[in-house]
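Naming: A, B, ... by sequence-line order, numbering from 1 per chain. Any value given below was found using the heavy atoms of this structure, including those in side chains, with hydrogens, waters and symmetry copies removed.
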Amino acid sequence: MRVNDEHRGQMAAMSMPALIFTVGMIAFPFIYTIWMSFQLYSSTGQITGSGIGNYQRMVGDDEFWNGIWITFYLYFLSLALQLVLGTGLAMLLFRAKRLPGIVRSLFISPFMMPPVVAGMMWLVILDPSLGAANWILTSLGLPASAWLASPVWVVPTLAMIDTWQWTPYVALIVLGGLQSLPPSVYEAAEIDGASRRAVFWRITLPLLLPTLVTAMVLRSVDLLRFFDLIYITTQGGPSNHSMTLNIYGFRTGFEFFRLGYASALMVTLSVIVLGAVIALNRLRAAVEW
Amino acid sequence: MNMKPMKLACLTTALVTTLAMGATAQEFDWKAHSGETVTFLANSNPLGQLLIDHAGEFKELTGIDLVVDGYQEQQMRQRLMTVMNARSDEVDVFMTLPSREGMQFAAAGWYADIAPYLKDNVAADYDPGGLSPALMEAATFDGKVTGVPLNIEGPLLYYRTDIFAECGLEAPSSLEGLPEVAAKLKDCTDATPFASRGLAAATPYTFAGFLHNMGGQYIVDGKSAMCSDESKSALTLYSDLLKEYGPPGVINYSFQQLTALFRAGRAAMSFQSSNEFGPIMDGGDRMNDTGIIPLPPGPGGSHPTVIGWSLAISAHSGNPDAAWYFLQWASSPEMQAKFALAGIAPPRAAVAESDEYKAWLSESPVRQQWQEALTVLADTGTSEIGYPIISNPESRQYIGQAVGDLLLGTVSVDEACATADAALNELIARD
């Protein structure tokens, strides 16, 4: 018994630095943000308690609801594109086992690029007047696009850039899943004479579901907090058509100095992200095999 | 410059002159803080970059170590806000735009008052009275001098003299005449006839000149006046010019896109910052085919926009005395003469009149036009870009939003101005 107590003491002591780090770097800022969300910050930094005033204001704020809509529109569009294309890319990489290392490296290079660099690069490419994208379109006899300056196309364009950057990441996760699938199942399918399409839909995809849900969890957290690319390229424009909740909260807090309301927006976003992660984790448990 | 009431201007001028007289009597030791450290929060714009490039000279002169913390403009403000809210002494000196955030930062108590330094602690050749009185006034809030000016800038109309000559056109002479000139350019050239800012938060910088020259004001009798006849005319003129004659995607345009477009020879007229003169002329392609004028006058006269970056000492600085040495070095006649030769318009009249600067200007007609236009801005300009309230930065978003909605064609001018007025009146009431 004494040995066990001693062991527990040692374990507690050894985990203490991690615990202190977690409390200091995660719990404290989050609790502080929650506290701030119940305060009214004036433009000059004066703080007064406002109860649930910031949350009440949020309910009647059109920009908040616009932010929710844009956040989820971008989230579902990007996630769907990345899962479909990422799975396809993983299948290609899985089959092309003799693919040279340099080609594999090129496949995964976009997500190694800092989002700010990717944003600047795409900003130049998609410039409606001077960019390469419209030059290519018009050279092919197709109409030029306003891309990020179009209220209709701005979100699909952002989803396209994010998909270009993060599809290889999803592909790597799915590739890991593919490599861990039991060969015996495929051997049995081959003996039974199953077609390749049937093998994919009835064996590969169901067995890959836990891996796909893991990829969904990882991308969901990033996509719901989508920030840097939008900030670099559109800052929420044109005319709020790419103003996600995160961008709206950031501008409210750091450009307009309304920290109390911005905190309420960010607490709400955190709850949304947490809810999505919990839901997806339950889904993952349901599809485990 | 009509920045504030004349009485305040006279008081400020008198204050600076008095300070200058008191200061020159003092002995000044540039090495008094040798071995100490000053942290400088810099905006990585051409001006901030010049300060950083010359930092070695500051170290050589004073023996003070300069630690530079450089960011893009908005990121710099975020960093500053974090530091100031924590009342941290991490930042000693920072760059600031009094026309934008001056009232807000001053009310929040972020600026140290540098009036005592100007009075008692300047080198004999510093000449505080030589700093633009108007810009010193713009940096003075409730009697506190919050910074020293580093430059003078404002939006100017850059136009292609070769295209205008080919099309048989003269430079526009009135604001209302701009659409006619742009229409003729559209028929005559492939270049974009008229370009200016369209990005919501950046647009008021260029739109303000249209508003004031049309005779409009942001606030009348304590209420937002975006729906006055003059303001609606300005909104219509500005948005129609960009919609009909602007580049595709202009709604996302800020200074970077405007500079790239004009430098590439793809715009016949571009209304953009005087600070972009250097980047536009970079490479030399536009040196011989560009003309520069202030925004033409409108029915309300000529009230071009003029502002300047300042250098301020943090109210929480642990070493304000050494920090003052950096301010003084950066705003000294000697350093401002060097900055002027790099295309940063000097806020000191003496520097603008120096033989070396005049020789630099005389090397090219376009440089002379640039300086002449800036002189007009300095003499007649106003720094009222957003609403003259503490929440000035937020007010700019709503002004830009009105222009943006008109550019997209989703609302009428009456709807755009009414939406803006509602949001802006709420801001005015809050402040």
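When heavy atoms are compared at a cutoff of 4.5 Å, B:N85 approaches chain A solely by way of its side chain, counted from C-beta outward. Looking at B:L261, both its backbone and its side chain come within 4.5 Å of chain A, counting heavy atoms on both sides. In this structure, chain A has no heavy atom under 4.5 Å from any part of B:R396. Residue contact with chain A, scored on non-hydrogen atoms closer than 4.5 Å, is absent for B:R77. Contact annotation for B:T82: only side-chain heavy atoms (C-beta onward) come within less than 4.5 Å of a heavy atom of chain A. Contacts of B:A200 with chain A are absent, with no heavy-atom separation under 4.5 Å from either backbone or side chain. Only the side chain of B:L199 comes within contact range of chain A, with at least one heavy atom under 4.5 Å from a heavy atom of that chain. Both the backbone and the side chain of B:A260 come within contact range of chain A, each with at least one heavy atom under 4.5 Å from a heavy atom of that chain.
If you tally non-hydrogen atom pairs under 4.5 Å between each of B:G404, B:A106, B:A108 and chain A, the highest count goes to B:A108.
Taking CZ of A:R251 as the reference point, atom CD of B:E394 lies at 9.5 Å (rounded to 0.5 Å). Taking CD from B:Q397 and CD from A:E255, the interatomic distance works out to 7.5 Å, rounded to the nearest 0.5 Å. The CG atom of B:D405 sits 8.0 Å away from the CG atom of A:N240 when rounded to the nearest 0.5 Å. We find the CD1-OG distance between B:I390 and A:S42 to be 7.5 Å, quoted to the nearest 0.5 Å. Note that OG1 of B:T410 and NE2 of A:H241 are 7.0 Å apart. Values are rounded to the nearest 0.5 Å. Here the CD-CG distance, from B:Q257 to A:L130, works out to 9.5 Å after rounding to the nearest 0.5 Å.
Between A:R57 and B:E426 a salt bridge is recorded (basic side-chain N to carboxylate O distance below 4.0 Å).
Taking the six-membered ring for Trp and thresholds of 30 and 60 degrees, A:F257 and B:W110 have ring planes inclined between 30 and 60 degrees apart.
Residues B:Q78 and A:F250 have side chains in contact (heavy-atom distance under 4.5 Å, counting atoms from C-beta outward).
Counting non-hydrogen atoms of other residues, nucleotides and ligands closer than 6.0 Å to CH2 of A:W35 gives a total above 12.
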